[in-house]
Amino acid sequence: MLDPKIIRDEPEKIKEMLKDRAVEFDLEKMLELNKVRKDMMQQTDELKQKRNQMSMKIATEKKAGNDASELLQEMSQISSKLDDMENQRKTIDDDYHKLSFSIPNMIHDSVPKGPDESFNKQVRTWGDVPKFDFEVKDHIDLGLGLDIVDLERASKTAGARFYYLKGGLVKLGQALTAFALDFVSKRDYNLIQPPYMINRQSMEGAVIADDFEEVIYKVQDEDLFLIGTSEHAIASMHYDEILEGGKIPLRYASISPCFRKEAGAHGKDQKGIFRVHQFEKIEQFIFCRPEESWDEHEKMIKNTEEFYQELEIPYRLMLLSSGDMGKVSAKTYDIEAWMSGQNAYREIVSCSNCLDYQSRRLKIRFREKSNEDTKYIHTLNSTLVAIERTMVAILENNQTKDGHVEIPKVLQKYFGDNLI
RNA sequence: GCGGGGAUCGCCUAGCCCGGUAUGGCGUGGGAUUGCUAAUCCCAUGUUCGCAAGAACUCGGGGGUUCAAGUCCCUCUCCCCGCGCCA
């Protein structure tokens with residue numbers, strides 16, 4: 001949700017944002033509804049004032065023992081008229097609310113403008129792309145060869161884009177998780193494990209309506225949805241709260257499985273464990289003051305880069321263009337890891353500053369002192385490690401000529417060996 | 001799952017039986033008094049719209065009864081106690 005001040009005072013900026021994002025949105029309708037809504041509000045307010053005054057009059061007359069039947073009759077008329085008007089207003093209000101919940105976030109000035117990913121900007125690269133003197137395999141062939149993944153049986157029991165991990169790959173996932181938890185604990189984050197299902201209200205606070213159907217699984221006959229990422233559960237954790245200044249910034253490192261429909265990804269990455277309906281992830285999520293959020297954003301992406309440096313995974317850091325960014329984000333960095341089997345950099349991290357966009361939806365405010373006005377807090381989120389995708393990078397980059405996989409040095413003590 | 005008790009403007013709390021402008025405290029800010037600190041006293045302190053005056057809204061969510069609902073009725077959610085079931 002956007003600041004109503006922007007909607008009122010600077011609609012041309014919103015128009016520009018919609019164009020930069022290449023998003024269809026009926027802004028005119030929203031502005032018109034807002035106007036009508038405000039007019040009606042004023043009218044109903046006046047009527048309500050009349051009703052309140054009248055109600056008081058009736059109370060005093062009755063207390064004095066006087067006959068109030070004439071007043072009662074008048075009051076009855078006012079009430080029914082007010083009912084009618086309120087019903088009309090509610091319809092308009094609902095429409096406005098829907099639009100205000102689906103309009104995307106404003107875009108930061110540093111974001112490159114362009115309709116798609118070809119306008120993303122490479123910020124820097126790290127590490128050397130590994131060279132092999134044999135024919136490299138992708139993670140699927142490696143995994144099947146070592147018998148550490150079973151995709152066929154998964155498609156039988158669950159469908160496409162599911163997987164059974166086996167033996168060494170299970171251990172590698174556990175090692176990565178243990179290493180990541182240690183890494184993040186040393187850096188001033190609070191570990192947290194959220195509910196894997198949350199209700200509609202919470203989900204709508206964190207996810208924009210257009211993405212909802214494409215991404216989110218619903219639990220039948222319950223007001224529950226499987227989280228697409230722990231971001232959804234952490235953002236809504238402080239729903240309708242006023243946080244104390246002394247306690248922020250709040251930095252959470254959340255561990256959870258993630259469930260995604262991948263409805264818009266037909267044919268993309270059809271095989272393997274790169275794009276799947278279920279995966280494990282450790283996520284960084286920060287609530288902070290508005291003036292801190294751009295610093296926190298930079299710190300968070302640096303933090304994440306250091307994680308991949310310790311794992312010795314070559315990557316490039318990308319600044320996403322206005323058209324490629326998620327709709328709730330004002331600025332997003334992606335880390336794309338080198339994956340030898342695909343001979344390409346592929347996305348493994350997404351790091352976003354959402355400003356006050358999520359907190360307005362979720363009514364999350366803060367104040368330094370208890371008699372101060374409340375302000376909306378800023379929210380930021382970043383992958384620390386998406387376990388399955390990171391395993392793809394490790395398998396493909398660390399493969400040996402005879403089809404084995406070397407375990408990165410920092411993981412060896414967690415894995416208990418140096419080779420799969 | 002069953003029975004009982006609860007949810008009030010940051011926190012605690014009165015009001016509900018018996019319908020008629022939401023009580024008090026804590027915390028916080030400002031002021032008074034004081035050599036300083038402490039203590040005491042006074043004022044302010046929910047949300048929205050508004051430059052302001054002001055007005056509206058607000059008692060877990062939704063619906064109903066009524067001229068009028070924190071208060072009465074229905075329903076849902078969550079919390080506490082007891083019973084049942086259970087990894």
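Naming: A, B, ... by sequence-line order, numbering from 1 per chain. Remember, it's a predicted structure, so these values are computed and weren't measured experimentally.
- Of the listed residues (Ile364(A), Leu250(A), Ile192(A), Ile198(A)), just one forms a side-chain contact (heavy atoms from CB on, under 4.5 Å) with Met237(A), and that residue is Ile192(A).
- Ring pair Phe162(A)/His277(A) is tilted by interplanar angle, where 30° to 60° counts as tilted.
- Both Ile242(A) and Lys38(A) lie near RNA chain B, and the one whose nearest nucleotide falls closer to the 5' end is Ile242(A).
- Checking G10(B), U21(B), A56(B) against the side-chain heavy atoms of Gln49(A) singles out A56(B) as nearest.
- Taking atom P on both nucleotides, G15(B) is separated from C76(B) by 28 Å, rounded to a whole Å.
- For G29(B) and U37(B), the P atoms lie 15 Å apart once the distance is rounded to whole Å.
- Taking atom C1' in both G62(B) and G54(B), the straight-line distance is 32 Å, to the nearest Å.
- Nucleotide G1(B) forms a pair with C83(B), judged by Watson-Crick or G-U wobble geometry with both contacts under 3.5 Å.
- Listed pair Ser79(A) / A68(B) meets the phosphate criterion, a side-chain N or O lying under 4.0 Å from OP1 or OP2.
- Contact check, Arg51(A) against C57(B): a side-chain N or O comes under 4.0 Å of OP1 or OP2.
- The side-chain tip of Arg360(A) does not point at the ring of Tyr357(A) from less than 6.0 angstrom away and within 45° of straight on.
- Across all strands shown, U37(B) has no partner, as no Watson-Crick or G-U wobble contact with both distances under 3.5 Å is found.
- Each of C67(B), U47(B), A56(B) was ranked by its minimum atom distance to the side chain of Lys48(A); first place goes to A56(B).
- Taking the six-membered ring for Trp and thresholds of 30 and 60 degrees, Trp294(A) and His297(A) have ring planes more than 60 degrees apart, a perpendicular arrangement.
- Nearer the 5' end of RNA chain B, as judged by each residue's closest nucleotide, is the contact made by Arg365(A), out of Arg365(A) and Gln73(A).
- For the C1' atoms, the distance from A22(B) to C57(B) is 13 Å, rounded to whole Å.
- Base pairing of G54(B): its partner is C49(B), meeting the Watson-Crick or G-U wobble criterion (both donor-acceptor distances under 3.5 Å).
- At a threshold of 4.0 angstrom between heavy atoms, the contacts of Asn52(A) are confined to the sugar-phosphate backbone, with no base atom among them.
- Between Asp9(A) and Lys5(A), no side-chain nitrogen of the basic residue sits less than 4.0 Å from a carboxylate oxygen of the acidic one, so the salt-bridge criterion is not met.
- U77(B): Watson-Crick or G-U partner is A7(B), with both key distances under 3.5 Å.
- For U58(B) and U21(B), the C1' atoms lie 14 Å apart once the distance is rounded to whole Å.
- Of the P atoms belonging to U75(B) and G5(B), the separation is 15 Å, rounded to the nearest Å.
- Atom P of C17(B) sits at a distance of 9 Å from the matching atom of U71(B), rounded to the whole Å.
- Rounded to the nearest Å, the gap between the C1' atom of G61(B) and that of C79(B) is 15 Å.
- In this structure, the nucleotide among A56(B), U47(B), C67(B) sitting nearest to the side chain of Asp45(A) is A56(B).
- Dashed line: the shortest gap from a side-chain N or O of Arg8(A) to OP1 or OP2 of G50(B) is under 4.0 Å.
- The distance from atom CE of Met41(A) to atom C1' of U47(B) is 13 Å, rounded to the nearest whole Å.
- A close approach under 4.0 Å does occur between a side-chain nitrogen or oxygen of Lys90(A) and OP1 or OP2 of G63(B).
- Put simply, CG on Asp83(A) is 10 Å from P on A69(B), counting in whole angstrom units.
- Taking the six-membered ring for Trp and the full ring otherwise, the centers of Tyr376(A) and Phe366(A) sit at least 6.0 Å from each other.
- Of the nucleotides present, G20(B) is the one that pairs with C67(B) by Watson-Crick or G-U wobble criteria, both distances under 3.5 Å.
- Whole-Å rounding puts the Gln201(A) CD to C76(B) C1' distance at 13 Å.
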Worked verdict on Lys48(A) versus Glu86(A) for salt bridge (Lys or Arg N to Asp or Glu O under 4.0 Å): CA-CA 10 Å; Lys48(A) 278 178 187 169; Glu86(A) 283 284 87; 3.5 Å; yes

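- In this structure G29(B) sits in a base pair with C43(B), meeting the Watson-Crick or G-U test at under 3.5 Å.
- Distance from the side chain of Ser55(A) is smallest for G20(B) among the nucleotides U21(B), G20(B), C67(B).
- In this structure, the CD1 atom of Ile7(A) is 15 Å from the C1' atom of C49(B), given to the nearest Å.
- Using a 4.0 Å heavy-atom criterion, one finds that Lys81(A) contacts no nucleic acid atom at all.
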